[in-house]
Amino acid sequence: MPVIQVLRLRLAIILISTFAASDYVFPQKGLQDAVRPELVASGLQNPWAVAFLPAGEFLVTERPGQLRVVSASGQVGPPIAGLPQIAVGGQGGLLDVLADSDFANNRVIYFCFSEPAFGAGADRNANSTALASAMLSNDASRLENLKIIFSQKPKFVSTAHFGCRIVESRLPGAGAAVGKPDGRLFLTLGDRFSRKGDAQTLNNHHGKVIRIKKDGTVPADNPFVRQAGALPEIWSYGHRNVQGATLAPSGVLWAHEHGPQGGDEINLPKPGANYGWPVVSYGENYGGGKIGNGLGVSVGTEQPLHYWVPSIAPSGMAFLTSERYGKAWQGNLFVGSLKFGYLNRMTLSSAYSGKVQQEQKILAGAGDRIRDVRQGPDGLLYVLTDSSNGRLIRLLPDAQ
Ligand SMILES: [Ca+2]
């Protein structure tokens with residue numbers, strides 16, 4: 001056997017041994033994947049979001065209400081102390097997390113969660129999505145200076161459709177380079193399932209994307225600040241359940257949302273625009289039956305950029321701006337599928353913009369619900385799988 005083949009065989013044995021130790025068998029690599037999954041950490045309880053810290057650590061939320069640091073080598077740390085009270089149950093719990101763009105200096109993080117109703121006379125079963133800021137202590141053991149900077153109104157008895165993706169807004173950048181942060185945050189909010197009609201009225205936060213400053217105050221240029229009866233945080237409305245959002249380098253917000261039975265959508269939420277739910281949808285009611293006019297189109301509502309029938313149940317969203325996977329992947333959009341268990345790679349008609357031209361299923365066949373996808377500071381893609389033994393996986397370019 002030639003030396004090179006022996007070396008390859010040895011490498012294969014080493015890889016097999018590594019995977020066996022992790023109690024996780026990746027599916028046989030599809031030739032079309034062009035990536036090699038590498039396990040970073042396992043044993044995470046329904047992880048929902050991953051953020052990146054300096055020195056290669058990760059901050060991971062677990063839906064049952066824990067926030068943990070995962071070391072660069074994959075060691076899962078103890079729960080971080082100092083979280084607020086969280087309404088855990090159904091789809092609710094500790095959901096998204098984001099490190100401030102200036103985290104290296106200010107140690108500020110943002111996280112969103114299902115917040116229980118509190119105060120005299122409050123229904124203890126009622127809840128809504130809330131957004132908090134806090135400082136991570138120097139030893140990363142606890143949160144300090146915790147502030148709830150936004151609470152969705154009204155609180156409602158439901159364990160579904162919290163939305164809950166946080167995006168740090170930025171000024172337009174050029175090419176693959178993102179612009180400077182502008183001090184605002186977007187937060188996506190679900191319709192709470194049984195309050196879907198609220199998505200069309202502006203006196204509540206159900207089925208909305210909101211935009212606030214990092215201290216929780218409302219930017220003066222929000223679209224409804226001068227409209228009587230409208231809540232001033234609202235950026236866009238007519239959404240169902242937005243569990244993925246990201247910013248293109250152009251500064252444009254991209255988001256997707258769960259449709260009902262069919263009709264999951266990608267939208268580019270513009271200020272003041274109506275995205276149609278529940279008046280129009282390309283899906284139908286669970287078990288059948290038309291939604292709204294049953295046409296998918298209605299005057300005064302925005303059409304989705306793209307939609308999926310059947311539903312893929314999307315979660316997490318990221319643009320790839322790095323060149324780590326070659327030119328063909330740079331500028332592509334990535335979305336996790338909970339329902340079918342794959343990472344959806346979408347080629348757009350131009351980098352970071354235009355229509356979806358092609359879709360490719362990455363990591364298909366493992367049966368893992370993909371909850372989150374992000375590009376790390378190293379330019380690599382990271383995904384979280386949703387289960388009681390959830391995993392953080394790094395995708396290596398196939399050539400490495
Ligand atoms: Ca829509």
Side-chain angles (χ1 to χ4, degrees), residues 91 129 152 158 160-165 167 186-211 223-224 230-231 233-248 252-317 333 335-340 344 346 348-349 353-357 359:
Q91 298 170 5
T129 298
Q152 181 187 27
S158 169
H161 292 198
F162 292 91
C164 215
R165 288 291 180 189
V167 174
F186 293 106
L187 176 69
T188 69
L189 298 166
D191 69 351
R192 311 311 316 280
F193 190 75
S194 52
R195 291 294 291 259
K196 62 185 178 187
D198 287 359
Q200 287 294 318
T201 51
L202 299 174
N203 62 352
N204 66 82
H205 295 127
H206 290 154
K208 310 297 191 304
V209 173
I210 63 125
R211 177 185 183 240
F224 298 112
L231 296 183
E233 301 89 355
I234 296 172
W235 174 259
S236 61
Y237 64 106
H239 299 286
R240 188 168 181 270
N241 191 23
V242 183
Q243 293 196 342
T246 192
L247 211 67
V252 170
L253 180 67
W254 287 54
H256 61 60
E257 63 187 67
H258 286 229
Q261 189 165 288
D264 299 350
E265 301 177 350
I266 296 177
N267 294 298
L268 278 56
K270 295 183 293 192
N274 178 0
Y275 289 85
W277 178 255
V279 177
V280 284
S281 171
Y282 286 99
E284 57 181 10
N285 283 309
Y286 292 111
K290 69 180 184 182
I291 285 168
N293 61 14
L295 299 175
V297 179
S298 180
V299 173
T301 67
E302 301 291 324
Q303 281 292 294
L305 178 93
H306 185 70
Y307 65 90
W308 290 281
V309 177
S311 293
I312 67 167
S315 191
M317 191 179 215
L333 182 67
V335 168
S337 166
L338 294 164
K339 184 176 172 187
F340 297 122
N344 198 30
M346 283 166 278
L348 305 174
S349 48
S353 63
K355 297 281 185 186
V356 175
Q357 286 195 317
E359 297 180 72

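Indexing begins at 1, ligand by ligand and atom by atom, following the structure's order. As the structure is a prediction and not an experimental result, all values here were calculated from the model. Starting from 1, each residue takes its place in the sequence as its number.
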Under 4.5 Å between any side-chain heavy atoms of Leu268 and Leu253, yes or no? no
Side-chain donor-acceptor pair present, Asp198, His206, cut-off under 3.5 Å: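 Yes, side-chain donor-acceptor contact under 3.5 Å.
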Between Tyr307 and Glu257, does any side-chain donor sit less than 3.5 Å from a side-chain acceptor? no
In terms of ring plane angle, is the pair [X] and [Y] parallel, tilted or perpendicular, where the classes change at 30° and 60°?
{"X": "Phe186", "Y": "Trp235", "answer": "perpendicular"}
{"X": "Phe193", "Y": "His161", "answer": "perpendicular"}
{"X": "Trp308", "Y": "His306", "answer": "perpendicular"}

Under 3.0 Å from the Ca ion (ligand 1) - protein N/O/S, by chain and number: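 Metal shell, protein only: Glu265 OE1, Glu265 OE2, Tyr275 O.
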